[in-house]
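Only one structure is covered here, and it is reproduced in the block below.
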Protein chains: 2
Amino acid sequence: MTNISKEDYLSVIFKHKDQNEEIKATVIAEMMNISGAAVTDMLKKLSKEGDVKYEKYKGIKLTKKGENYARNMVRRHRIWEVFLHDIIGVPWEKVHDEAHRLEHSASDELIDRMEEMLNFPEYDPHGDPIPAKNGMIPKLRKHVPLSCMKPDSVCSVVRVNDFHKEFLNYISGIGIKLNEKIVVEEVRNFDKSLRINVNGSSFDVSQKLADNVFVEIVTI
Amino acid sequence: MTNISKEDYLSVIFKHKDQNEEIKATVIAEMMNISGAAVTDMLKKLSKEGDVKYEKYKGIKLTKKGENYARNMVRRHRIWEVFLHDIIGVPWEKVHDEAHRLEHSASDELIDRMEEMLNFPEYDPHGDPIPAKNGMIPKLRKHVPLSCMKPDSVCSVVRVNDFHKEFLNYISGIGIKLNEKIVVEEVRNFDKSLRINVNGSSFDVSQKLADNVFVEIVTI
DNA sequence: GGCTAAAGTTAAGCGTGCTTAAATATAATG
DNA sequence: CATTATATTTAAGCACGCTTAACTTTAGCC
């Protein structure tokens, strides 16, 4: 098993933990765009190497070892993201893919040096927390999807999902960025679309969009 | 054939051109630390893809296509080297390996952006020329190995070979760096070792070392 | 020119990470 | 609880980039 594949599998399993309880093989396959058979295959190898605890038809769980490995990969990825974004000026929507390619290649030494240059950032450009070298993961401010907000409330962007490039491109185009203030002007019940005001300009956004922007409530 | 392997083969062939005429399969094998059989194998594939002109037992030559590909890889590598060295502060002797891992992963866009940040450098940290986006390769100043210098002559470092980490580490330890002035104080005929003065301090260096430091003559 | 050493090639095989198709286990539903 | 749908696993096979061992060509030397 080459490291890059292993790293990708472990990262996917690790990142999923934030959201649900135990990841399904199907989900891994989907996230990585590979067949289910490939997942079963790799799980056996990862299990043999002690990175996941895995029993046929039962469940998939990172071992302590696997979790450490994965957390470090997420760390590497997110430090690259900040570096690319803040230092090199790579635009929001391109940061993820670029970082994904680079995260496997840099030495830990280089990652640490970049982290230092960046002054030990706690969050990546999408608002996701960056695990520290010692394993600590910064807490996120309490946040809800923008789609939950009521009319005439005000909120501030804490995190955005980075699954979809077009989405990131679009929202950055209308001025949404981390810590940006959003005023919810109107919520339409029939389709849950919202009229929001960002930095003085108003835009209509779908519920789907609002589902993927997470905000801290400023005024209800 | 995955890109990374192809890229390595083409780079090795390309870089060799500076020195000799036509590269031998044995040399490729040595440089890449693989068997001769693997080289033959890959040459067939590269030939089929039109990157090298290759005839059994005859010779190995890059096609125009292969040369463009290779030149771009060398470009990528050397821009990474400058970036790592100048921006991130990676020490001289670690720059090559780190860049080698990264050169396969970055997008061309990122490379261009880094080049711009660096103000379109012409030489990498070892003094090797960086091919421009349009394919132009900066000329090197006229230079000779330090080992050719006569006693009481003065020279300036133009380029160093970057094959060996310990070597780079050692020479940087005694103050040798690009454009540094070196005064040759003494040359011993029996072993061709030299006593040189760098930045006020004197050191004895072997011929072997001096063979790998290339200098421009200031005073004969 | 003939012989040997060196260089290069072929053949067979291996580990990796996939694939598809078929088999089997689990979950969901009436 | 039986049946169907879904999830997972197995089996067979493939492309890749290697390896070693055996073979062939070329180059160097007398």
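Since this is a predicted model, take the numbers as computed values, not measurements. Within every chain, numbering begins at 1; the chains are lettered A, B, ... in the order of the sequence lines, protein sequences first and strands thereafter.
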How many Å lie between [atom1] on [X] and [atom2] on [N], as a whole number?
{"X": "B:D41", "N": "D:dT19", "atom1": "CG", "atom2": "P", "answer": "10 Å"}
{"X": "A:L43", "N": "C:dC18", "atom1": "CG", "atom2": "C1'", "answer": "14 Å"}
{"X": "A:E30", "N": "D:dT6", "atom1": "CD", "atom2": "P", "answer": "13 Å"}
{"X": "A:I60", "N": "D:dT8", "atom1": "CD1", "atom2": "P", "answer": "7 Å"}
{"X": "A:E55", "N": "D:dT9", "atom1": "CD", "atom2": "P", "answer": "11 Å"}
{"X": "B:E22", "N": "C:dG8", "atom1": "CD", "atom2": "C1'", "answer": "14 Å"}
{"X": "A:M32", "N": "C:dC18", "atom1": "CE", "atom2": "C1'", "answer": "11 Å"}
{"X": "A:K56", "N": "D:dT8", "atom1": "NZ", "atom2": "P", "answer": "15 Å"}

Taking only side-chain nitrogens and oxygens of [X], does any of them come within less than 4.0 Å of OP1 or OP2 of [N]?
{"X": "B:Y54", "N": "C:dT9", "value": "yes"}
{"X": "B:K58", "N": "D:dT25", "value": "no"}
{"X": "A:S35", "N": "C:dT20", "value": "no"}
{"X": "A:Y9", "N": "C:dC18", "value": "yes"}

Choosing from [options], which nucleotide comes nearest the side chain of [X]?
{"X": "A:I34", "options": "D:dC18, D:dT10, C:dT19", "answer": "C:dT19"}
{"X": "A:A37", "options": "D:dT10, C:dT9, D:dC16", "answer": "D:dT10"}
{"X": "B:K45", "options": "D:dC16, C:dC18, C:dT26", "answer": "D:dC16"}
{"X": "A:K44", "options": "D:dT9, D:dT10, D:dC16", "answer": "D:dT10"}
{"X": "A:A38", "options": "D:dT26, D:dC18, C:dT19", "answer": "C:dT19"}
{"X": "B:T40", "options": "D:dT26, C:dT10, C:dT20", "answer": "C:dT10"}
{"X": "A:M42", "options": "C:dT10, D:dC18, C:dC18", "answer": "C:dC18"}
{"X": "B:T26", "options": "D:dT20, C:dT20, C:dA7", "answer": "C:dA7"}

Open item on the list: Over all strands shown, is B:K6 touching base, sugar-phosphate only, or nothing at heavy-atom distances under 4.0 angstrom?
Closed with: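 Result for B:K6 = nothing.
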TODO: Could you check whether A:S5 gets within reach of a base, just the sugar-phosphate, or nothing at all, counting any heavy atom under 4.0 Å?
DONE: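 The answer is sugar-phosphate, as A:S5 gets under 4.0 Å only of primed atoms, P, OP1 or OP2.
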TODO: Nearest-nucleotide wise, let me know which of B:I23 and A:V39 is further upstream toward the 5' end of DNA chain C.
DONE: B:I23
TODO: Could you say whether A:M1 or A:Y57 is positioned toward the 5' end of DNA chain C, judged by the nucleotide with the nearest heavy atom to each?
DONE: A:M1
Open item on the list: Tell me whether B:R159 contacts the main-chain N or O of B:G127 through its side chain, where contact means a donor paired with an acceptor under 3.5 Å.
Closed with: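 No, the answer is negative, given that no donor and acceptor are paired below the 3.5 Å cut-off.
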Task: Closest non-hydrogen atom pair between B:W92 and B:K177, with its separation - done: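 Nearest pair, atom of B:W92 first, then B:K177: CH2-CA, 3.9 Å.
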TODO: Please report the shortest heavy-atom distance between B:L62 and B:V52, naming the atom on each side.
DONE: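 Answer, listing the atom of B:L62 first, then B:V52: CD2-CG1, 3.9 Å.
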- [ ] Apply side chain to side chain donor-acceptor pair (under 3.5 Å) to the pair B:E93 and B:S172, showing each step before the final yes or no.
- [x] CA-CA 9 Å; B:E93 72 274 12; B:S172 83; 4.5 Å; no
- [ ] Just say parallel, tilted or perpendicular for the rings of B:W80 and B:F83, cut-offs at 30° and 60°.
- [x]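 Ring orientation of B:W80 relative to B:F83: perpendicular.
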Open item on the list: Just checking B:E49: does its CD atom have more than 12 heavy atoms from other residues, nucleotides or ligands closer to it than 6.0 angstrom?
Closed with: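 Buried by this count: over 12 neighbours within 6.0 Å.
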Open item on the list: Can you work out whether B:K24 or B:N33 has the more 5'-proximal nearest nucleotide on DNA chain D?
Closed with: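 Whichever sits nearer the 5' end wins; that is B:N33.
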